[in-house]
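Okay, structure first, notes after.
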Amino acid sequence: MNDQHMNDTSQKVQALILTGFGINCEEEYAAAYRLAGAEATIVHLNQVLHGHVSIHNYDILNFPGGFSFGDDLGSGVVLANKLRYRKNAEGRTLLDDIKEFVANGKFVMGICNGFQVLVKLGLLPNLSGNVTPEVTLTHNASGRYEDRWVRLKVNPKSNSPFLKGLDTMEVPVRHGEGRLIISGTDTLAHIEEQALNCLSYTDFDGSPTDVYPHNPNGADLNCAGLTDTTGQVFGLMPHPEAFLSLYNHPDWARRKRLNPGLSEEGDGLRLFLNIVEHVQSQRQTAVSPQEASQFSS
Ligand SMILES: NC(=O)CC[C@H](N)C(=O)O
């Protein structure tokens, strides 16, 4: 497969899911894409770093959750540095490739540890466009690992295709370093102006809150997820890939009894359905080579 095939509408949407070095949520991530109708390929990071697999053969690059490099130096830091500094035989870093990948209109997603990698790398929020870290994720305000279900509100102004048409969702968090810190009033204002704070933790009534445990980590802006300015790069602390079916939810039996017609889709699945549908529709509207030659003759 090569880049040309990516405009072939008969070809499934291709999701590349990285693993290795302590990443541990790649199987659920792949299951999410498969349920959403995409083809998911799990690849060890070294395969990509050493040039055996090219990210350019895929539509969506994914960084799963876990404990990459044992969270040494801060969650996500070592992996981010590998992407920024490790050069392949051609003298290119993976970050060089990722920048090109995004410039080509493709998509990058990070969940939990994957989100931490994207933030530590500077791909999120990337206000400057220079991919330098602008915000950080640090230890939860509670001072401990948080493992609980949370409610999220989607920022209606977000331009990200991952979130199109979504309003609220329930998803689990499980992290020790999920507290987003935005230092600098300019950075904070720009993030808000451009609606890059795409997900907020809310209370039972759906209002964004800094109250624990609804907000499990004390994040600035009650922020659970960020996008870049293009909306193509998206990351979040909670785990949508852990709520693919109603039966993943601890309260499913009661809910089903109260509402027998309840959808069996988990809230998290909607994110994956969204992005897969978006890539498919982009392919359908892409100009075919035959159409292009008509225009040029
Ligand atoms: N579930 C995860 O990906 C956890 C991320 C990271 N190891 C933390 O504890 O913050």
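When a residue number appears, it is its place in the shown sequence, counting from 1. Both counts, for ligands and for their atoms, begin at 1 and track the order of listing.
- A side-chain N or O of Ser142 and one of Glu146 form a donor-acceptor pair less than 3.5 Å apart.
- Salt-bridge annotation for Arg255 and Glu170: present, with a side-chain N of the basic residue lying under 4.0 Å from a carboxylate O of the acidic one.
- Legend: side chain to side chain donor-acceptor pair (under 3.5 Å) pairs involving residues 216-235, not counting sequence neighbours, sorted by first then second residue: His175-Asn217, Tyr201-Asn217, Asn215-Asn222, Asp228-Thr230, Thr230-Gln232.
- Between Phe162 and His278, the gap from one ring centroid to the other reaches at least 6.0 Å.
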For ligand 1, output the ligand-protein N/O contacts shorter than 3.5 angstrom; if there are none, return none.
unit_1	atom_1	unit_2	atom_2	d
ligand 1	1 (N)	Arg174	O	2.8
ligand 1	1 (N)	His239	NE2	3.2
ligand 1	3 (O)	Gly66	N	2.7
ligand 1	3 (O)	Gly66	O	3.3
ligand 1	3 (O)	Asn113	N	3.1
ligand 1	7 (N)	Gly66	O	3.0
ligand 1	7 (N)	Asp71	OD1	3.1
ligand 1	7 (N)	Asp71	OD2	2.7
ligand 1	9 (O)	Gly176	N	2.9
ligand 1	10 (O)	Gln116	NE2	3.0
ligand 1	10 (O)	Gly176	N	3.0
ligand 1	10 (O)	Glu177	N	2.9

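- With sequence neighbours left out, Asp203 forms a side chain to side chain contact (heavy atoms under 4.5 Å, CB included) with Asp205, Ser207, Thr209, His214.
- Residues that satisfy the side chain to side chain contact (heavy atoms under 4.5 Å, CB included) test with Gln47, not counting sequence neighbours, are Val43, His44, His52, Val53.
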